[in-house]
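See below for the structure under consideration.
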Amino acid sequence: MTNVSADSPTTFPPDDEKTAKLTEQLLSNSLKRQLSAVTELASGGESGVTALVDFLRNTSEPSATTGKVYQILSSSDSVMTQTFLAERFPDGVVTPASDQQIDYQPLQTLLIAQKFEEADRLTLQKLCELAGPAAVQRKWVYFTEVDSFPVTDLRTIDQLWRVYSEDRFGFSRQRELWLGLNQDWNRLWEKLAWKSDNIWTRYPGEFIWDLSAPIGHLPLSNQLRGVRMMEFLLCHPAWNS
């Protein structure tokens, strides 16, 4: 759950009971209820947008909820809202970290805009950059190169996907599903909709490039290089608590 200061002031009218109730819902322990509140506040006029701005102003860490709020506010035509975002979150709610000085801001920009197909291709490019010049040239990664990926960088890529997909996409989400299926690859492929009736999903036309996709459906670029690559990725120390 996103941490918000209990003493933080809000600026919506005190008699706007619906806005106040939805703002309280933003602080619930349920991501589903939080996201529902975000959607309702976004359609609630000026008081709803103001409540979202206040919520984002007082958040202490990135989450799927703050990512959704940012995505909504970034499309607002309010001068006040755009000024706030430019001052506090000029590039998004995540500050991408890298142990190899790799720039993940372009990935954040694509994910904010929910351009998931382009983000998936860029994710593969970033993995190649992590693997080194040879991988960049060949445009894919050997499974033996995955162990050398810095924990920080994999967590950054994963965080970006989770924050801007309502927590539906990301490597760690795929890992959760894989472990829940007792590491059964065939069941995982079906669960991710990467395979159906023993037929592989065709790239790119048959993949789903929006939030209607199954949980864990994206990023999918690693599946294209086979099971070993995926196995090394999902077993990487980045996902250890």
Side-chain angles (χ1 to χ4, degrees), residues 1 29-32 62-64 67 94 97-100 102 104 107 111 116-117 119-132 134-135 138-241:
M1 183 180 72
N29 290 317
S30 166
L31 176 60
K32 184 177 180 180
S63 70
V94 177
S98 173
D99 285 348
Q100 291 192 4
I102 291 177
Y104 294 108
L107 179 59
L111 289 170
F116 293 124
E117 183 174 358
D120 181 73
R121 289 198 293 269
L122 185 57
T123 296
L124 177 57
Q125 179 182 319
K126 295 302 179 183
L127 293 178
C128 289
E129 290 179 34
L130 288 176
R138 81 175 90 96
K139 298 183 180 180
W140 49 274
V141 178
Y142 285 128
F143 70 87
T144 52
E145 296 168 323
V146 176
D147 282 344
S148 66
F149 290 175
V151 166
T152 296
D153 289 69
L154 277 185
R155 286 181 176 173
T156 291
I157 294 171
D158 184 65
Q159 181 184 43
L160 289 169
W161 275 96
R162 293 188 70 150
V163 164
Y164 296 113
S165 69
E166 300 183 6
D167 205 31
R168 299 185 63 81
F169 303 146
F171 300 135
S172 60
R173 291 296 269 150
Q174 294 167 351
R175 172 181 163 82
E176 290 169 6
L177 292 171
W178 179 57
L179 294 177
L181 295 170
N182 296 316
Q183 303 178 26
D184 185 319
W185 292 110
N186 287 325
R187 292 174 65 195
L188 179 66
W189 305 146
E190 296 280 345
K191 189 80 172 178
L192 299 179
W194 291 1
K195 199 173 189 180
S196 180
D197 297 326
N198 209 35
I199 299 174
W200 289 106
T201 303
R202 292 183 180 180
Y203 178 88
E206 294 182 355
F207 285 93
I208 304 168
W209 304 106
D210 57 50
L211 293 178
S212 69
I215 290 174
H217 187 68
L218 302 172
L220 58 86
S221 48
N222 303 286
Q223 181 265 343
L224 303 178
R225 297 304 337 156
V227 172
R228 296 302 299 278
M229 166 65 182
M230 192 72 171
E231 181 178 13
F232 273 63
L233 185 63
L234 298 189
C235 291
H236 195 278
W239 320 127
N240 296 338
S241 300

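Because the structure is predicted, anything quoted here is derived from the model rather than measured.
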Would you name the heavy atoms of [X] and [Y] that are closest together and state the gap between them?
X	Y	answer
H236	V146	CD2-O, 3.4 Å
F169	G216	CD2-N, 4.2 Å
S98	T152	N-CG2, 4.0 Å
S63	V163	O-CG1, 3.4 Å
L154	F171	CD2-CE1, 4.4 Å
L218	I208	CD1-O, 3.8 Å

### Message
Just to verify, what does F149 make a ring pair (Phe, Tyr, Trp, His ring centres under 6.0 Å) with, not counting sequence neighbours?
### Response
none
### Message
Using the ring pair (Phe, Tyr, Trp, His ring centres under 6.0 Å) criterion, which residues pair with W178? Sequence neighbours excluded.
### Response
W185
### Task
Enumerate the residue pairs fulfilling salt bridge (Lys or Arg N to Asp or Glu O under 4.0 Å) with a member in residues 165-189, sequence neighbours excluded, ordered by first and then second residue.
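Qualifying pairs: K68-E166, R162-D167, R162-E176, R173-E176.
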For [Y], does its backbone N or O pair with a side-chain atom of [X] as donor and acceptor, under 3.5 Å?
X	Y	answer
D158	S172	yes
D197	I199	no
D99	D153	no
W200	W194	no
W161	T123	no
R228	F143	no

#### Entry: Trace of the side chain to side chain contact (heavy atoms under 4.5 Å, CB included) decision for E231 with Q183
CA-CA 9 Å; E231 181 178 13; Q183 303 178 26; 6.0 Å; no
### Query
Just checking, is any N or O donor in the side chain of T201 or W189 under 3.5 Å from an acceptor N or O on the other one?
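Their side chains do not contain a donor-acceptor pair, so the 3.5 Å distance test is not met.
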### Task
Report the C-alpha distance between F116 and L211 in whole Å, list the side-chain angles of each, state the deciding distance to 0.1 Å, and finish with yes or no for side chain to side chain contact (heavy atoms under 4.5 Å, CB included).
CA-CA 9 Å; F116 293 124; L211 293 178; 3.9 Å; yes
#### Entry: Close side-chain approach of W209 to L220, heavy-atom, < 4.5 Å
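SC-SC contact between W209 and L220 confirmed.
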### Query
Do R155 and P150 have side-chain heavy atoms sitting under 4.5 Å apart?
no
Roughly how far, to the nearest 0.5 Å, is the [atom2] atom of [Y] from the [atom1] atom of [X]?
X	Y	atom1	atom2	answer
Q174	I215	CD	CD1	12.0 Å
L122	L160	CG	CG	10.0 Å
C235	L179	SG	CG	8.0 Å

### Task
Would you please name every residue forming a side-chain contact (heavy atoms from CB on, under 4.5 Å) with E129, sequence neighbours left out?
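Checked E129 against side-chain contact (heavy atoms from CB on, under 4.5 Å); matches are I102, Q125, K126, V136.
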### Query
salt bridge (Lys or Arg N to Asp or Glu O under 4.0 Å) with K195: which residues, sequence neighbours excluded?
none
### Step-by-step side chain to side chain contact (heavy atoms under 4.5 Å, CB included) determination, E145 to W140
CA-CA 10 Å; E145 296 168 323; W140 49 274; over 6 Å; no
### Message
Run the side chain to side chain contact (heavy atoms under 4.5 Å, CB included) test on L127 and I157 for me, step by step, so that the C-alpha distance in whole Å, both residues' side-chain angles and the decisive distance to 0.1 Å come before the verdict.
### Response
CA-CA 9 Å; L127 293 178; I157 294 171; 4.0 Å; yes
### Message
Run the side-chain hydrogen bond (donor to acceptor under 3.5 Å, both in side chains) test against E117 and tell me which residues pass, sequence neighbours left out.
### Response
R121
